[in-house]
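These values consider heavy atoms only, across backbone and side chains, with no hydrogens, waters or symmetry-generated copies.
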Amino acid sequence: QEELVESGGGSVQAGDSLRLSCTSSGLTFGSYGMSWWRQAPGKEREFVAGFHWRTETTAYADSVQGRFTISRDRGQNTAYLQMNSLKPEDTAVYYCAAKYLGTLTTVQDSHAAEYWGQGTQVTVSS
């Protein structure tokens, strides 16, 4: 059964870093555009970062540009979200998503994603 599993969340101080991981036992990430999303309490889920399935060209939300980096390790079948200079407003549940042959356009569309992880909590205190 295909599923995505996130890990790496936690509680940190403002300015700290975290690296989130997303793995799958049923999907081969090389054929998927991957993305990270987040949802804060009382807010809608929002796009954070994603990449094209083949070129790995990346896209970022303005709020995280320059602080977060999305990447993929094909050998480990794992996607990552490196988060630096964390701010309290980054506090949210973070989800990874996968879209078969996902482009930069489709990985930024939550309705296009075919698989979602269960989410991992990130809490940043000031």
Kindly indicate whether the side chain of Leu81, heavy atoms from C-beta on, has any atom under 4.5 Å from the side chain of Phe68. yes
Taking atom CD of Gln108 and atom OG1 of Thr103, what is their separation to the nearest 0.5 Å? 8.5 Å
Result block: side-chain N/O donor-acceptor pairs under 3.5 angstrom for residues 88-99, not counting sequence neighbours:
from  : atom 1 : to     : atom 2 : distance (Å)
Asp90 : OD1    : Arg38  : NH1    : 2.9
Asp90 : OD1    : Arg67  : NH2    : 3.0
Asp90 : OD2    : Arg67  : NH1    : 2.8
Asp90 : OD2    : Arg67  : NH2    : 3.4
Asp90 : OD2    : Lys87  : N      : 2.8
Thr91 : OG1    : Pro88  : O      : 2.9
Thr91 : OG1    : Val124 : N      : 2.9
Thr91 : OG1    : Val124 : O      : 3.3
Tyr94 : OH     : Arg38  : NH1    : 2.9
Tyr94 : OH     : Asp90  : O      : 2.6
Lys99 : NZ     : Glu114 : OE2    : 3.3

Interatomic distance, Phe51 atom CZ to Met34 atom CE [nearest 0.5 angstrom]: 6.0 Å
Looking at Trp116, does the NZ or CZ of Arg45 lie under 6.0 angstrom from its six-membered ring centre and within 45 degrees of the ring axis? yes
Would you verify whether the NZ or CZ of Arg72 falls within 45 degrees of the ring axis of Phe29 while also being under 6.0 Å from that six-membered ring's centre? no
Check: Asp16 side chain, Gln13 main-chain N or O, donor-acceptor pair, under 3.5 Å: yes
Quick one: are Tyr32 and Tyr115 in side-chain contact, heavy atoms under 4.5 Å? yes
As an exercise, state the distance from CG of Leu86 to OG of Ser126, rounded to the nearest 0.5 Å. 13.0 Å
Look at the side chain of Gln39 and the backbone N and O of Glu46, then say whether any donor-acceptor pair between them is shorter than 3.5 Å. no
Where do Trp36 and Glu6 come nearest, in terms of heavy atoms and distance? CZ3-CG, 3.9 Å
Please check if any side-chain donor atom of Ser17 sits under 3.5 Å from a side-chain acceptor atom of Asn84, or the reverse. yes
Residues Phe47, Trp37; criterion ring pair (Phe, Tyr, Trp, His ring centres under 6.0 Å); working and verdict: CA-CA 5 Å; Phe47 171 80; Trp37 299 73; 5.5 Å; yes
Can you tell me how far the CG atom of Leu18 sits from the CD atom of Gln82, to the nearest 0.5 Å? 8.5 Å
In sequence, state the C-alpha distance, the side-chain angles, and the governing distance for His52 and Arg54, and then conclude on side chain to side chain contact (heavy atoms under 4.5 Å, CB included). CA-CA 6 Å; His52 187 284; Arg54 180 177 58 84; 3.8 Å; yes
About how many Å separate CG of Leu4 and SG of Cys22, when rounded to the nearest 0.5 Å? 4.5 Å
Candidate pair Tyr60 and Ile70, rule side chain to side chain contact (heavy atoms under 4.5 Å, CB included), full reasoning: CA-CA 9 Å; Tyr60 295 93; Ile70 188 172; 3.5 Å; yes
Return yes if a side-chain donor-acceptor contact under 3.5 Å exists between Gln121 and Thr123, otherwise no. yes
Using distance alone, with no hydrogens and no angle criterion, decide if Thr28 and Ser31 have a side-chain donor and acceptor under 3.5 Å apart. no
From CA spacing to verdict: side chain to side chain contact (heavy atoms under 4.5 Å, CB included), Val122, Leu20: CA-CA 9 Å; Val122 172; Leu20 306 183; 4.1 Å; yes
